Every structure is written in structure tokens, then in C-alpha cells.
Visitor: 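I have a structure I would like to understand better, so I am pasting it below and will then ask my questions one at a time.
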Amino acid sequence: MAERGIKGKAGVKRLSRTRNIGFMAHIDAGKTTVTERILYYTGRTHRMGEVHDGNTIMDWMLQEQQRGITITSAVTTCPWRDMYIHIIDTPGHVDFTIEVERSLRVLDGAIAVFCAVGGVEPQSETVWHQADKYKVPKLAFINKMDRIGADFFGTVEMMVDRLGAKPLVVQLPLGSEDHYKGVVDLIRFKAIVWHEETLGASFSEIEIPQEIFPRAMEYRKKLLETVAESDDGLTERYLEGEEFSEEVIKEAIRRSTISLSLVPVLCGAALKNKGIQPLLDVIVDYLPSPIDIPPIKGINPRTDRLEERASSDDEPFCGLAFKIMMDQGRKLAYTRIYSGVLKIGAEVYNPRLRSKERVSRIFLMHANHRERLEDARAGDIVALMGLKETSTGDTLCKEEQPILLEPIDFYKPVMSMAVEPKTNRDQDKLGFSLEKLSEEDPTFLVKLDEDTGQTIISGMGELHLEVLIQRLLSEYQLEVNVGRPQVVYRETIAKDAEASGRFDKVVEDVRQFAEVMLKLIPNNRGSGLEFTSEIPDGIMSHEGLSAIQEGVRDASTAGLIMGYPVTDIQTVFLKASVDNQNPSLLALRIAASSAFREGLKEAKPILLEPMMELNVIVPEEFMGEVIGDLKARKGEVQSITPKGKIVIITALAPLKGMFGYSTDLRSMSQGRGTFSLQFSHYDTSSEG
């Protein structure tokens with residue numbers, strides 16, 4: 001990276017030649033295979049890793065290689081056409097969706113990989129909406145065109161129906177299934193055929209075959225009409241019959257992609273080494289560089305005012321630690337540098353902790369391999385060593401010019417199990433190891449059950465917890481006994497209630513007094529805890545209101561039925577009394593907490609359980625047995641969609657009935673059924 005030390009105009013040139021992109025998809029759509037091919041064709045690696053052989057570069061963890069799935073997002077950098085592409089390969093399994101969330105938070109563009117057979121699958125929808133949340137421009141790559149049942153046009157239709165996307169087809173498949181040979185480039189209006197003997201490294205451009213020429217003309221016309229609609233000037237030129245040059249078409253598509261109004265669609269067969277080089281070209285041509293996206297915004301913690309940091313080496317330093325990883329006992333903080341320059345040995349300020357830490361080393365990552373750097377600059381994605389207190393989602397900046405960026409949203413665990421070391425002497429080691437794992441993964445929680453003395457771990461699903469247990473053995477050489485997985489419930493209320501709480505004590509010769517009255521109202525499912533006040537402005541100070549709200553939050557951590565967190569309640573602050581001579585924020589907080597708990601008693605507390613969205617794909621001859629089994633598990637079938645000789649069954653089912661479903665489905669379908677399970681919402685429990 002010869003241009004790392006340059007600033008000014010040259011620095012802008014470096015940024016314009018940078019792409020920060022990620023791959024996202026449903027499990028088994030082929031993300032990692034696509035990434036491995038990209039590394040090979042860009043010269044970053046000299047062999048192609050295969051997921052089924054467990055030898056990929058990006059899936060480097062032992063558990064990933066054994067299972068053939070991506071578990072943790074991996075970062076790498078590769079060159080293409082005088083550009084530097086920083087790539088994050090993210091997991092497709094719903095249990096590891098936090099990896100997608102925190103990666104998309106720092107990326108400038110994303111490639112959604114779809115399986116041409118399965119189309120837009122459940123986790124495809126989840127990651128697509130995650131990208132929408134962060135306003136990330138997207139490309140779509142329809143993979144596995146060589147598979148039996150591949151349906152390019154059906155997948156494009158599903159993008160419209162299920163994702164609300166506006167796909168722009170820029171390539172058509174040349175053949176399909178066993179006869180898949182390559183693609184038709186609708187912009188250059190040429191066909192591209194890959195050479196099998198070179199592992200797809202070389203290809204030929206040929207005239208479009210007659211059998212697909214009419215369809216190619218049809219889609220070329222659609223593409224030109226869409227391009228013309230993107231700009232008034234282009235519309236006028238198109239209506240006048242002007243032929244657009246390749247540069248004009250590409251520039252219009254680039255503008256529309258970055259503005260989120262269009263999604264260019266490509267296709268290929270990564271496992272057969274087809275379609276990757278044009279995908280790299282489109283990443284460079286259509287996805288934004290760091291200077292194409294709006295400046296990052298954050299709050300100045302000193303003034304509470306909104307500030308911006310443009311992507312430039314000349315701006316004050318600002319970065320976001322989006323992922324923490326333990327490497328042989330040392331912490332690596334994966335960080336996106338949004339502005340400024342960070343040098344080895346520099347002090348960084350963490351506005352959340354209000355503390356400074358020193359960066360001892362800076363690395364450019366290639367999966368689990370590291371390349372030392374002297375500095376990191378705007379637009380870079382690097383790993384920092386030496387930050388002992390920094391956590392996922394923390395902002396790093398200069399103390400003299402502080403800024404606090406929007407944090408990353410974390411998902412709440414839905415499943416728990418008890419763990420204990422096989423030998424008593426490993427008790428301390430267990431606590432240390434679990435703490436390190438929870439530092440890496442914000443969706444993995446550890447707590448001690450005071451009633452039983454057991455250590456309880458909580459995560460996003462069976463696979464999530466299973467992988468973490470295996471990591472205890474492989475990384476920390478710690479054998480543990482585990483209890484059966486348990487559902488993590490929530491609690492709420494069934495009716496309105498008013499209650500008051502009082503705190504009146506003398507502490508160090510000072511009277512601490514407050515009385516607070518609250519009203520609790522049941523709220524919509526998924527709304528969480530809402531707090532409002534009926535007190536006129538100016539009667540209660542801002543600090544006082546904050547203390548009451550904190551008291552409510554304190555009391556909501558454990559409900560009255562089984563001690564689970566309380567949710568879906570609107571809390572209304574009605575009135576409060578304090579000692580005017582000595583108003584106490586502590587007394588307000590404790591009184592509010594007491595009032596909330598008293599209100600719970602009167603408001604008919606009920607239990608909520610996690611409901612899961614289930615998608616099952618089975619041959620049609622097994623449909624009846626699968627549906628009967630789902631009903632026995634108290635599942636509710638939402639839809640049944642025939643697709644050739646298979647059916648796709650969508651259902652809602654309580655999590656507690658889905659343990660062991662993988663084994664049961666294999667048994668019912670002679671090993672031919674597959675399913676995905678993801679959290680939908682909490683709803684009234686049959687046990688409540």
C-alpha cells in the first residue's frame with residue numbers, strides 16, 4: 001500500500017480508490033466460496049479454498065472448518081484494477097447475526113448473495129433489512145446457477161416481492177443447471193464464457209448466441225429505460241433516440257446504487273469459477289468509496305451538539321471499534337477509521353468510558369493473519385492492539401476533539417444453559433474463559449444464579465451455545481458439563497395499575513426522602529419499555545426525571561413470576577414528593593424502583609415466551625408428516641409454497657418446542673429436509 005503516507009489531494013485519490021464492502025446471505029448461499037474466488041483471482045491467495053474441504057482462508061476457526069459454515073466475520077484486503085477492496089465475509093446462520101449487524105455498521109457497500117435455487121431465503125431478508133437500517137448500498141449476486149432448479153428470473157421477482165427492492169438486471173445467465181456456461185453483459189452487450197481448464201482465471205468474450213438474443217435485447221431495453229429515468233437530462237436524451245455510451249450508463253447506475261434507488265443484479269456459479277471477475281468490476285464501478293458516503297455524525301459529549309467527521313486524513317481522528325477478538329490472550333479491536341490518522345503509540349480517547357488508552361500495534365488483517373502497519377488512515381479497516389477496556393461499539397477519538405458515534409444495536413439472547421467445570425479446580429478458569437468469550441460476543445451473556453449457585457450462559461440459539469462450549473475446550477483447554485438448553489422468557493403485565501413507592505432514610509446524618517407515583521399500562525408486543533411523564537415541564541428537574549427513569553429500569557431487570565426481564569410496558573410518571581431542603585436523586589431512584597415493583601403486583605404479571613419463525617424445505621411426499629409434527633409442537637403454519645417437487649413451509653412456533661428439531665426433521669424426511677429458525681417476537685406463554 002504505497003500511498004498510505006500521503007495527504008491532501010493525493011489522500012483524496014487514495015480514498016477514491018478504496019472500497020469497504022461485505023458479503024451477506026442466508027446460510028449455504030455461497031458467500032465464503034465467492035470470497036475465496038475473489039482472493040484467488042485478485043492474486044491475494046494462490047489456491048482456492050473449499051468450504052466442503054474445510055480449507056478456506058476466511059473460515060479459519062476450527063469450528064467453522066468442521067461444520068462448513070461461517071461463524072465469525074473475517075476481514076481481508078485485496079487489489080483489483082488499481083483499487084484496494086477491504087472485504088468482510090459475514091455468517092449466514094441466524095445464531096450469529098450480530099456479526100452481520102456490527103459489520104454492516106461500518107461498511108460502505110454490501111453484496112447480497114442469493115442461491116439461485118432457494119431464492120430470497122429467511123436470513124436473506126434479515127440481512128437485507130439490516131443493510132437498509134444502516135443505508136448501505138447493495139449489489140445482488142445470484143449464485144449457484146449451475147444447480148438443478150436454478151431460477152434466475154424467479155429470484156429477481158422474489159427480490160421485489162419479499163425485499164421491496166428495485167433490482168436492475170445488468171447480466172443474464174448464459175444457460176442454466178448443467179448447461180450453465182457464463183453470462184451476458186447487458187451494458188457491453190457481449191457474452192462471457194469461462195475456460196474450465198484455467199479454473200475460471202481466463203474467459204472469452206463472444207457474440208450473444210441467437211437462442212438468448214431476443215431476451216437479451218428485451219432486458220437491455222429495460223436497463224436503458226431505467227438508466228434514463230434516473231436523471232432528467234438522460235430522459236430527454238433517451239427520448240430523442242440518443243445512444244448512451246458505456247461510461248454514461250455506468251455513471252448513472254453508480255449514482256442510483258449509491259442513492260439506494262437501484263440494486264444491480266449479477267449472476268454466476270462460484271463453485272464452478274464463473275462470474276467472479278465481472279462481480280469485482282461491478283464492486284469497483286458501482287459501490288461507493290469512503291468519500292462518496294455522507295460524513296459520519298456523532299454527539300460532542302462536552303456540548304451535546306451534533307457534529308460531523310468527513311472521510312479525510314486532515315479531519316480530527318475518529319473511529320468505531322466494531323468487533324473485539326481475543327488472540328492468544330490479547331485483545332484485538334477491529335476498528336473502522338472514519339477520519340484522521342492514527343499512529344502506533346498514539347493515545348485514543350473513549351468518550352463512553354471517559355478514559356484514554358494507548359495503541360501499541362496496528363494490523364491490516366487477512367482472516368487470522370496480520371500485517372503490521374505504522375499508521376491507519378481515514379477509510380481503513382484495521383485491528384488495534386493495546387486497548388484493554390474498549391468494547392464492541394465504542395467510539396475512539398481525540399480527547400481535545402471528542403465525538404460519540406451511534407452505538408451498535410445488540411440482540412437479546414433467547415436460550416440459556418447451566419455450565420460447570422468437570423473439576424472443581426477449574427472454577428476460576430471457567431469464569432475467566434467465559435468473560436473473555438463474552439467480551440468478543442455481545443449476544444453471549446454470563447451470570448451467576450444466586451439461588452442455585454450455577455453459572456448460566458445465554459445465547460441466540462442451540463448452535464450458538466454449542467459453538468461456545470466447543471471453544472472453551474479448543475481455545476481454553478477447559479472441559480465443562482452442560483445442562484439442557486432452557487428458554488429465556490420475558491415478563492409483562494395484563495392490565496393497568498397505579499402504585500407508589502416511598503424511600504425515607506437518614507444516611508450519614510442526612511435525610512434521604514422521596515415518594516413517587518407511577519402508572520403501568522400494557523403495551524404492544526415488541527415495544528419494550530416506554531417512559532412518559534404527566535408532570536408539567538419545570539416542576540421536576542431533568543436530573544430528577546432521569547433518576548426516576550433509572551429506577552424503573554433497575555426494577556425491570558427481574559419480574560415477579562420467574563425473575564425474567566420485564567418488557568412491553570408503558571410507565572407513566574404521575575407525581576413525586578421530595579424533601580425541598582435536601583432533594584435526593586438516590587431517593588427518587590429507589591422510590592421509583594419500589595413503585596414499579598408494587599405496580600407489577602397489581603397489574604397481573606404474565607409470562608412471555610420467544611416465538612420463532614420456521615422455514616422448512618422438504619420434498620412434497622413428506623409434507624403431511626412435517627405439518628402434523630409442527631402442530632404437535634404447538635406451531636402455527638403460516639404458508640405452504642410448492643416449488644417443483646419440493647414445498648416451502650413457513651410457520652411460527654414456540655422455541656421450547658423446537659429443541660432437537662434438526663434430528664427429528666432428518667428422520668421424518670429421510671435426511672432430505674432442511675430448515676432455518678429465527679427469532680420472531682415474544683408472545684403470551686402457555687405456561688404463564
Side-chain angles (χ1 to χ4, degrees), residues 24-27 69-71 90-104 120-133 162-163 408-417 438 441-445 456-468 484-492 523-529 559 562 564-568 606-616 630 633-639 648-662 665 674-688:
M24 59 182 195
H26 187 87
I27 191 169
I69 63 170
T70 304
I71 291 170
T90 65
H93 195 286
V94 66
D95 282 15
F96 309 105
T97 196
I98 182 60
E99 292 286 337
V100 187
E101 182 84 17
R102 57 187 176 183
S103 298
L104 287 170
V120 178
E121 298 171 279
Q123 188 65 4
S124 309
E125 294 185 60
T126 301
V127 297
W128 189 275
H129 296 316
Q130 285 174 301
D132 282 344
K133 180 168 94 175
R162 295 195 179 182
L163 304 175
I408 299 171
D409 288 335
F410 299 137
Y411 298 88
K412 297 289 191 291
V414 297
M415 189 177 291
S416 295
M417 63 171 60
S438 65
D441 186 348
T443 62
F444 174 57
L445 301 182
I456 306 295
I457 60 173
S458 303
M460 299 302 294
E462 280 185 282
L463 180 61
H464 187 201
L465 295 177
E466 194 178 310
V467 166
L468 289 162
R484 285 185 66 250
Q486 301 290 323
V487 175
V488 176
Y489 292 90
R490 293 285 185 270
E491 297 184 24
T492 190
N523 215 343
N524 297 328
R525 295 288 171 261
S527 60
L529 283 175
M562 296 172 67
Y564 288 107
V566 179
T567 188
D568 298 347
I606 55 175
L607 204 60
L608 299 175
E609 67 180 331
M611 301 296 293
M612 311 300 286
E613 182 181 319
L614 176 70
N615 279 75
V616 187
L630 284 175
R633 296 170 188 267
K634 297 187 177 177
E636 181 183 321
V637 174
Q638 308 280 296
S639 66
I648 302 171
I649 302 166
T650 304
L652 275 177
L655 176 59
K656 68 173 180 288
M658 299 310 298
F659 293 141
Y661 187 67
S662 178
L665 180 63
T674 61
F675 79 101
S676 65
L677 193 68
Q678 62 182 353
F679 173 73
S680 173
H681 64 281
Y682 276 93
D683 211 340
T684 309
S685 169
S686 55
E687 298 178 15

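Bear in mind the structure is a predicted one, so any value in this text is a computation, not a measurement.
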Visitor: Where do Ser416 and Ile456 come nearest, in terms of heavy atoms and distance?
Guide: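 In terms of heavy atoms, the two residues are closest at CB-CG2, 3.8 Å.
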
Visitor: Please name all residues satisfying side-chain contact (heavy atoms from CB on, under 4.5 Å) with Gln638, sequence neighbours left out, ordered by chain then number.
Guide: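 Partners of Gln638 under the side-chain contact (heavy atoms from CB on, under 4.5 Å) test: Glu636, Thr650, Leu652.
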
Visitor: Please name all residues satisfying ring-ring contact (aromatic ring centres under 6.0 Å, His included) with Tyr564, sequence neighbours left out, ordered by chain then number.
Guide: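 Checked Tyr564 against ring-ring contact (aromatic ring centres under 6.0 Å, His included); matches are Tyr489.
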
Visitor: Just how far is it from atom CE of Met417 to atom CG of Leu468, taken to the nearest 0.5 Å?
Guide: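 It is 9.5 Å, given to the nearest 0.5 Å.
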
Visitor: Taking only residues two or more places apart in sequence, or in another chain, which ones meet Arg633 in a side-chain contact (heavy atoms from CB on, under 4.5 Å)?
Guide: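 For Arg633, the residues satisfying side-chain contact (heavy atoms from CB on, under 4.5 Å) (neighbours in sequence not counted) are Asp629, Met658, Tyr661, Asp664.
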
Visitor: Testing the basics here: between Ser458 and Leu465, what is the closest heavy-atom pair and its distance to 0.1 Å?
Guide: C-CD2, 3.8 Å

Visitor: Side chains of Asp683 and Arg525: does their closest heavy-atom pair fall under 4.5 Å?
Guide: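 They are in contact (side-chain heavy atoms under 4.5 Å apart), so the answer is yes.
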
Visitor: Please determine whether side chain to side chain contact (heavy atoms under 4.5 Å, CB included) holds for the pair Leu614 and Leu630, giving the CA-CA distance in whole Å, both sets of side-chain angles, and the decisive distance to 0.1 Å.
Guide: CA-CA 10 Å; Leu614 176 70; Leu630 284 175; 3.1 Å; yes

Visitor: Please name the pair of heavy atoms, one in Leu104 and one in Ala131, separated by the smallest distance, quoted to 0.1 Å.
Guide: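 Of all heavy-atom pairs spanning Leu104 and Ala131, the closest is CD1-N, 3.6 Å.
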
Visitor: Measure across Glu609 and Thr684 and return the closest heavy-atom pair with its distance rounded to 0.1 Å.
Guide: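 Glu609 and Thr684 have their closest heavy atoms at OE2-O, 4.1 Å.
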
Visitor: Give me the atom names and distance for the closest heavy-atom approach of Ala25 to Val127.
Guide: N-CG2, 4.0 Å

Visitor: I'd like to check the side-chain hydrogen bond (donor to acceptor under 3.5 Å, both in side chains) partners of Ser438; sequence neighbours left out, ordered by chain and number.
Guide: none

Visitor: Given 3.5 Å as the limit, does a donor-acceptor pair link the side chain of Glu491 with the main chain of Met562, or not?
Guide: yes

Visitor: The criterion is side-chain hydrogen bond (donor to acceptor under 3.5 Å, both in side chains); which residues satisfy it with Asp568, sequence neighbours excluded?
Guide: none

Visitor: With side chains defined as the heavy atoms from C-beta onward, is the minimum distance between Phe679 and Met612 less than 4.5 Å?
Guide: yes

Visitor: Do Leu608 and His681 make a side-chain contact, defined as non-hydrogen atoms from C-beta onward lying under 4.5 Å apart?
Guide: no

Visitor: To the nearest 0.5 Å, what is the distance between CD1 (Ile457) and NE2 (His464)?
Guide: 9.0 Å

Visitor: Measure the shortest side-chain to side-chain distance between Arg102 and Pro442 over non-hydrogen atoms and say whether it is less than 4.5 angstrom.
Guide: yes

Visitor: Taking only residues two or more places apart in sequence, or in another chain, which ones meet Glu101 in a salt bridge (charged side-chain N to carboxylate O under 4.0 Å, His left out)?
Guide: Lys133

Visitor: Please identify each residue that fulfils side-chain hydrogen bond (donor to acceptor under 3.5 Å, both in side chains) with Thr567, with sequence neighbours left out.
Guide: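 Checked Thr567 against side-chain hydrogen bond (donor to acceptor under 3.5 Å, both in side chains); zero matches.
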
